[in-house]
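Worksheet for the structure shown next.
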There are 2 protein chains.
Amino acid sequence: MLSKKTKYGLKALTFLAKRESREPIQIAEIAESENISQKFLESILLTLRRNGFLGSKKGKGGGYYLIKDPEDIPMTAIMRVLEGPIAMVPCVSLNFYEKCDDCPDENTCSIFGLMVKVRDANLEVYRNTSLADLIAK
Amino acid sequence: MLSKKTKYGLKALTFLAKRESREPIQIAEIAESENISQKFLESILLTLRRNGFLGSKKGKGGGYYLIKDPEDIPMTAIMRVLEGPIAMVPCVSLNFYEKCDDCPDENTCSIFGLMVKVRDANLEVYRNTSLADLIAK
DNA sequence: TGTATTTCCTACTAAATCTATAGGATAATA
DNA sequence: TATTATCCTATAGATTTAGTAGGAAATACA
C-alpha cells in the first residue's frame with residue numbers, strides 16, 4: 001500500500017506543478033486544497049526540499065515552489081525519496097540493496113526471479129512517467 | 001516491502017511444489033529447511049489451507065500438501081491471499097476496491113492514472129507467473 | 001527597529017500493522 | 001489409550017506509520 005506520506009507528497013507536487021507561476025505557495029494553502037493535515041504536510045514538504053525537489057522562502061509571501069520543470073522530475077526519483085525502495089525485497093533493490101537476513105543464497109532463492117520481474121515492471125512505469133504526466137490527464 | 005508472511009508462504013509453497021510426491025510434509029520440516037519460525041509458519045499454512053491452496057492431514061504421518069498442480073496456481077491468487085491487494089491504493093484495486101477516504105473524486109485525482117498503470121504492470125507479471133515457474137529456475 | 005508571518009527543526013505521542021508466541025482443542029494413527 | 005501433528009483463538013512484542021507540540025530562525029514590511 002502507498003503510504004499517506006507518499007500520497008500527500010505527490011498531491012502537493014502536482015498541486016505546485018499545475019500552477020503556471022513558480023511563486024512560493026504556503027503550506028496552509030496546499031494543505032487545505034488537498035485535504036491534508038498541515039503539520040504532517042509540513043514535514044513532507046521539508047523532505048522534498050531537502051532532496052532537491054522544492055525550494056522554499058520564509059516569512060510573509062513565503063512558501064514552497066518547484067525547483068525544476070515537471071517534465072524533468074521522473075517518478076522514480078519521487079518514489080524513492082517518499083516511499084523508499086521500489087523493489088519489494090532489499091536483495092533486488094538497485095538503490096537500496098541489502099542482503100535478506102533470512103535467505104542464505106540469492107541464486108537458489110525461489111522468489112528472487114519473481115521479485116526482479118516485479119521490480120522491473122514497476123521501474124518501467126516510473127521511469128516513463130514524469131510529474132508533468134500526472135497533471136496532463 | 002514484501003511481508004515476511006508472504007515471503008515465508010511463498011517459500012513453503014515452492015518447497016512443497018518441488019517435491020515429486022504429494023505426501024503430507026510436516027510443518028517442522030518445512031520450517032527448518034526454509035529457516036522459518038515454526039509457529040509463525042503454522043499460521044501461514046493454515047490460511048493457505050483455508051484458501052484452497054493446501055490440504056492437510058492430522059496425526060502421525062500428517063502434514064501439509066499441495067492440492068493443485070503448481071502450473072495451475074497463478075501468483076495473483078497467492079499474492080492476494082498472503083499480501084492482500086495488488087494495487088497500491090484501494091481505489092484502483094480490482095478485488096479489494098474501496099474509495100480512498102481522503103480523495104473526493106477519482107476522476108480528478110492526480111495519482112489515479114499512475115496507480116492504474118502500476119497495478120496493471122504488476123498484474124501482468126503475476127498473471128504470467130505460476131508457482132511452477134518459481135521452481136523452474 | 002519591531003512585529004507579524006512563514007518555514008525550519010527536533011522530539012514526541014498515538015495508532016496501526018507486522019511478527020511472532022502461548023496454550024490448549026481436535027483429529028488421526030497405531 | 002498414548003502419541004503425534006494440525007487446528008484455533010488470543011495475545012504480546014516490535015516496528016512502522018501518521019500525526020502533534022512547541023519553539024527557533026529567517027524574511028517582509030511598517
Side-chain angles (χ1 to χ4, degrees), chain A residues 1-12 16 23-32 34-67 81-85 88-90 96 98 100-102, chain B residues 1-12 16 23-32 34-67 81-85 88-90 96 98 100-102:
Chain A
M1 279 287 157
L2 200 70
S3 69
K4 299 267 185 190
K5 180 180 170 189
T6 302
K7 198 172 187 182
Y8 293 163
L10 282 172
K11 291 202 170 188
L16 293 173
E23 296 291 301
I25 310 294
Q26 294 168 31
I27 297 173
E29 187 181 341
I30 306 175
E32 189 182 3
E34 296 296 328
N35 219 355
I36 305 170
S37 145
Q38 178 166 344
K39 268 295 191 180
F40 192 22
L41 180 60
E42 194 181 316
S43 70
I44 296 168
L45 296 181
L46 204 51
T47 76
L48 285 173
R49 195 215 56 173
R50 284 172 173 161
N51 284 278
F53 295 98
L54 300 177
S56 66
K57 198 182 159 193
K58 291 182 184 176
K60 187 161 192 179
Y64 283 96
Y65 51 92
L66 271 185
I67 267 183
V81 162
L82 293 176
E83 189 76 3
M88 294 186 83
V89 283
F96 301 83
E98 264 182 68
C100 291
D101 49 355
D102 59 316
Chain B
M1 278 289 155
L2 199 71
S3 68
K4 298 268 185 189
K5 180 181 171 188
T6 303
K7 197 172 186 181
Y8 294 163
L10 282 172
K11 290 201 171 190
L16 292 173
E23 296 291 301
I25 310 293
Q26 294 171 30
I27 297 172
E29 186 180 342
I30 305 175
E32 189 182 5
E34 297 294 328
N35 219 357
I36 306 171
S37 143
Q38 178 166 343
K39 268 296 191 180
F40 192 21
L41 182 60
E42 193 180 317
S43 70
I44 296 168
L45 295 182
L46 203 52
T47 77
L48 285 173
R49 195 217 55 174
R50 283 172 174 162
N51 283 277
F53 295 97
L54 299 177
S56 65
K57 198 182 159 193
K58 291 183 183 174
K60 185 161 194 178
Y64 283 96
Y65 51 91
L66 273 184
I67 266 182
V81 163
L82 293 176
E83 190 74 4
M88 293 186 84
V89 284
F96 300 83
E98 265 182 66
C100 291
D101 49 356
D102 60 317

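We name chains A, B, ... by the order of the sequence lines, and we start the count at 1 in each one. Just so it is clear, the model here is predicted, and its values are computed rather than measured.
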Problem - For A:Leu54 against A:Arg49, the heavy-atom pair lying closest together - result: O-CG, 3.1 Å
Exercise for the section: Over all heavy atoms of both residues, which pair between A:Leu48 and A:Gly9 is shortest? Give the atoms and the distance, please. Expected result: CD1-O, 4.2 Å
Fill in the blank from the handout: B/S/- along nucleotides 13-22 of chain C (protein heavy atoms under 4.0 Å) is ------SBBB
Problem - Under 4.0 angstrom between A:Arg49 side-chain N/O and C:dC9 OP1 or OP2 - result: yes
Exercise for the section: Return the value, rounded to whole Å, for the distance between atom CD of B:Glu29 and atom P of D:dT4. Expected result: 17 Å
Handout entry: Rounded distance in Å - CD1 (A:Ile25) to P (C:dT7)
Key = 10 Å
Exercise for the section: Check whether any side-chain heavy atom of B:Leu45 lies under 4.5 Å from a side-chain heavy atom of B:Ile30, and answer yes or no. Expected result: yes
Exercise for the section: Report yes if some heavy atom in the side chain of B:Pro24 is under 4.5 Å from a heavy atom in the side chain of B:Ser56; otherwise report no. Expected result: no
Handout entry: Contact check, side chains of A:Lys4 and B:Asp102, non-hydrogen atoms, under 4.5 Å
Key = yes
Practice task
Looking only at non-hydrogen atoms, find the nearest pair between A:Gly55 and A:Ile67 and report the distance.
Solution key: N-CG1, 3.5 Å
Practice task
Indicate the atoms forming the closest heavy-atom contact of B:Asn51 with B:Thr47, along with that distance.
Solution key: ND2-O, 2.7 Å
Problem - Length of the CG-P vector between A:Leu46 and D:dA24, whole Å - result: 18 Å
Exercise for the section: Give a yes or no on whether B:Glu29 atom CD has more than 12 heavy-atom contacts from other residues, nucleotides or ligands under 6.0 Å away. Expected result: yes
Exercise for the section: Identify the heavy atoms of A:Glu83 and A:Leu2 that sit nearest to each other, and give their distance. Expected result: OE2-CA, 3.7 Å
Problem - Integer-rounded Å distance: D:dA5 C1' and B:Leu45 CG - result: 13 Å
Exercise for the section: Rounded to the nearest angstrom, tell me the gap between atom CD1 in B:Ile44 and atom C1' in D:dC8. Expected result: 16 Å
Fill in the blank from the handout: Per the under-4.0 Å heavy-atom filter, residues of residues 54-63 of chain B near DNA chain D come out as B:Ser56, B:Lys57, B:Lys58, B:Gly59, B:Lys60, B:Gly63
Practice task
Look at all strands and tell whether A:Ile27 reaches a base, only sugar-phosphate, or nothing, counting heavy atoms closer than 4.0 Å.
Solution key: sugar-phosphate
Handout entry: Gap between atoms OH and P, on A:Tyr65 and C:dT7 respectively (whole Å)
Key = 12 Å
